[in-house]
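Okay, here's the structure, questions in a sec.
Start at 1 and go down the list; that is how both ligands and their atoms are numbered.
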Amino acid sequence: MTRRQMLRLGIGGCIGASVLPLGKFGYHKYQVHQLGSQSRNFQVTGDRALVERAAVKGVIYGAATQQQFLAADPAFAKNFLKECRMIVTENDLQWNQVHPTPEQFDFAAADALLNFAKTNGLLFRGHNLVWHHSLPRWYREKVNAQNAEEYLIKHIQTLVRRYAGQVHSWDVVNEAINPKSGRSDQLRQTPWLEFLGPSYIETAFILAAEADPQALLVYNDFEMDYDRPEDEAKRTAVLGLLERLKSRDVPVHALGLQAHLWGAETRFNAKILSNFLRSVADLGLKILVTELDVTDKVLPADQALRDRIIASAYEDYLNVVLDEPAVIAVLTWGLSDKYTWLSEFSPRSDKLPVRPLPLDTSFKRKLTWNAIARAFDNAPIRSNSHLR
Ligand code: XIL
């Protein structure tokens, strides 16, 4: 039986059956080493780019990045164009970048990114319209229960109308669920919830749909990937939210799985993940993997072993999600280890550079690139009506 068949049957989850967690992050060394098994074959046929391997299966491959990286680093831009079909705005459309004062918007970076996308035939994806994080400093001083709706309307209309007809998809609401919030609806306690109540979510989707009827509107969240109690709670709550939205005819079109994975996490269960994806698809929703990366924070220092473990996590995950026909895009959160948020947000204690992405800091393809390429090569073909 191949590893792929085992994963499909959910046997992959057995790897985690005897896990004895050690402290906050780690697992017994032998278990982590086992994840990087030498017998695993990461061979890839040919050297076609990820974009082409994905496209022949009707899937979009792309990555998030920032205008400043593309502008300052032509070699990075060249490799981005070689591998990607879609560009995701990592930070250039976040509230704190695009809405620097209560009355002003600054579209310089986002416009330049869109221009780069259009000039080079890439799809453009907006991240994001409503999030509790990355709010500008003025937000807390200015926004309150009386005026929050006005600010929300103005922000969404200004951004979505500006790029209407040119955006493949928008992350309309980001990370609105937190099962630990103590609320019966499991919504995260955010300023938006505090000021507007639970209806802020549907308000945001309705505003976005009015401003750009062509864009695919996405609900995006993290921690839905593993066989862990927190992921199970998140999956259940997210499904509940999506069901509520659909039953009220709110224009939500897709679920975004951030998929910030952990190289040292052994509790992966293919069956649980694929059942969840099927339930989402049964609501008539598409699915996008929106922010894929694998943190190597607590992995061994040995680079070859570390790369094998990271690549294994990519391949196991993608084999499962690409088996679900509703999955239309795989987007990594960055393309090269030269530019990854994890250098800052999840650094290693030994200070070695982190290696979470398909290309290394010199833009050479790593084992992770092979893992993604193989997953595309093995994926079933879906209809590509979502490609615009
Ligand atoms: C991160 C960016 O990569 C950082 O540059 C920024 O400082 C903080 O946000 N989930 C999300 C993304 O939805 O917006 C986050 O991106 C990563 C976690």
Side-chain angles (χ1 to χ4, degrees), residues 62-73 76 80 84 86-100 106 109-110 113 124-137 139 155-156 159 167-178 187-188 190-192 201 204-205 208 216-226 230-231 234 238 241 252 254-263 265 287-297 317 329-347 353-359 361:
T65 196
Q66 303 178 27
Q67 158 60 12
Q68 52 171 338
F69 304 150
L70 291 173
D73 191 340
F76 176 60
F80 200 97
C84 297
M86 178 180 278
I87 190 161
V88 185
T89 59
E90 181 180 3
N91 282 336
D92 293 324
L93 284 171
Q94 300 276 21
W95 270 73
N96 57 6
Q97 307 267 323
V98 80
H99 205 154
D106 177 355
L113 262 194
F124 185 73
R125 171 168 159 70
H127 173 84
N128 60 59
L129 296 170
V130 186
W131 193 23
H132 59 282
H133 199 273
S134 299
L135 289 167
R137 241 177 260 140
Y139 183 92
H155 184 88
I156 293 180
L159 269 67
V167 169
H168 170 273
S169 50
W170 272 106
D171 285 330
V172 179
V173 177
N174 199 29
E175 303 181 357
I177 294 284
N178 177 12
L187 292 182
R188 183 182 295 279
T190 74
W192 294 115
I201 298 177
F205 278 99
L216 192 79
L217 303 183
V218 181
Y219 173 75
N220 196 45
D221 215 325
F222 66 99
E223 212 166 59
M224 294 178 273
D225 317 298
Y226 290 109
E230 55 270 42
D231 298 56
K234 185 62 127 344
V238 166
L241 170 69
V252 54
L255 172 65
L257 305 168
Q258 289 188 8
H260 293 295
L261 305 182
W262 287 78
E265 183 52 77
I287 299 165
L288 293 83
V289 177
T290 51
E291 305 186 14
L292 181 59
D293 56 16
V294 176
T295 178
D296 60 1
K297 189 181 170 100
Y317 189 78
V330 172
L331 309 160
T332 46
W333 202 242
L335 177 66
S336 148
D337 295 337
K338 189 170 177 186
Y339 305 112
T340 163
W341 72 305
L342 294 173
S343 304
E344 189 189 336
F345 283 79
S346 199
V354 298
R355 298 176 62 79
L357 291 167
L359 306 185
T361 52

| Any F80 side-chain heavy atom under 4.5 Å of F69 side chain |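 Of all side-chain heavy-atom pairs linking F69 with F80, none is under 4.5 Å.
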| Residue portion contacting ligand 1 (non-hydrogen atoms closer than 4.0 Å) for N174 |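 It is the side chain that touches ligand 1; the backbone stays farther off.
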| request: Provide, to 0.1 Å, the distance between atom 8 (C) of ligand 1 and the closest protein heavy atom, together with that atom's residue and name. | output: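 Protein heavy atom with the smallest distance to atom 8 (C) of ligand 1: F345 CZ, 3.9 Å.
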| message | Can you tell me which residue among F205, W131, W192 is in a side chain to side chain contact (heavy atoms under 4.5 Å, CB included) with V173? | response |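 The option that passes is F205.
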| request: Identify the two heavy atoms, one from D296 and one from R355, that lie closest to each other, and give their separation to 0.1 Å. | output: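 Scanning both residues, the minimum pair turns out to be OD2-N, 2.9 Å.
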| atom 16 (O) of ligand 1: which protein heavy atom is closest, and how many Å away? |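 Of the protein heavy atoms, W333 NE1, 3.2 Å lies nearest.
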| field | Approximate separation, where rounding is to 0.5 Å, of L331 CG and I87 CD1 | value |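 The CD1 atom of I87 is 11.5 Å from CG of L331, to the nearest 0.5 Å.
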| field | Smallest separation among heavy atoms of P347 and S343, with atom names | value |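 Residues P347 and S343, closest heavy atoms: CB-O, 3.5 Å.
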| task | Report the nearest protein non-hydrogen atom to atom 5 (O) of ligand 1: residue, atom name, distance rounded to 0.1 Å. | result |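 It is N91 ND2, 2.8 Å.
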| request: Please could you name the atoms of ligand 1 that W341 approaches to less than 4.0 Å, counting only its heavy atoms? | output: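 Result: 1 (C), 3 (O), 17 (C), 18 (C).
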| Which value, rounded to the nearest 0.5 Å, describes the distance between L357 atom CG and L292 atom CG? |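 These two atoms lie 8.5 Å from each other.
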| message | Is it true that E291 and N220 share a donor-acceptor pair across their side chains at a distance under 3.5 Å? | response |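 Yes.
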| message | Checking F222 now: which residues fulfil ring pair (Phe, Tyr, Trp, His ring centres under 6.0 Å) with it, not counting sequence neighbours? | response |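 Ring pair (Phe, Tyr, Trp, His ring centres under 6.0 Å) list for F222, sorted by chain: empty.
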| For ligand 1, is any non-hydrogen atom under 4.0 Å from E344's backbone (N, CA, C, O), its side chain (CB onward), both, or neither? |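 It is neither part, as no heavy atom is under 4.0 Å.
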| task | Please report which non-hydrogen protein atom sits nearest to atom 3 (O) of ligand 1, along with the residue it belongs to and the distance in Å to one decimal place. | result |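 For atom 3 (O) of ligand 1, the nearest protein heavy atom comes out as E90 OE2, 2.5 Å.
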| message | Suppose we measure from atom 14 (O) of ligand 1 to each protein heavy atom; which comes out shortest, and what is that distance? | response |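 Here the nearest protein heavy atom works out to H127 NE2, 2.7 Å.
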| Where is the nearest protein heavy atom to atom 10 (N) of ligand 1: which residue, which atom, and how far? |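 Looking at atom 10 (N) of ligand 1, the protein heavy atom closest to it is E291 OE1, 3.0 Å.
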| said: Can you name the atoms of ligand 1, numbered from 1 with element, that are less than 4.0 Å from a heavy atom of Q94? | reply: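 What qualifies from ligand 1 is 14 (O).
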| request: Give the residue and atom name of whichever protein heavy atom lies nearest to atom 9 (O) of ligand 1, and the separation in Å to one decimal. | output: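 Closest protein heavy atom to atom 9 (O) of ligand 1: W131 CH2, 4.1 Å.
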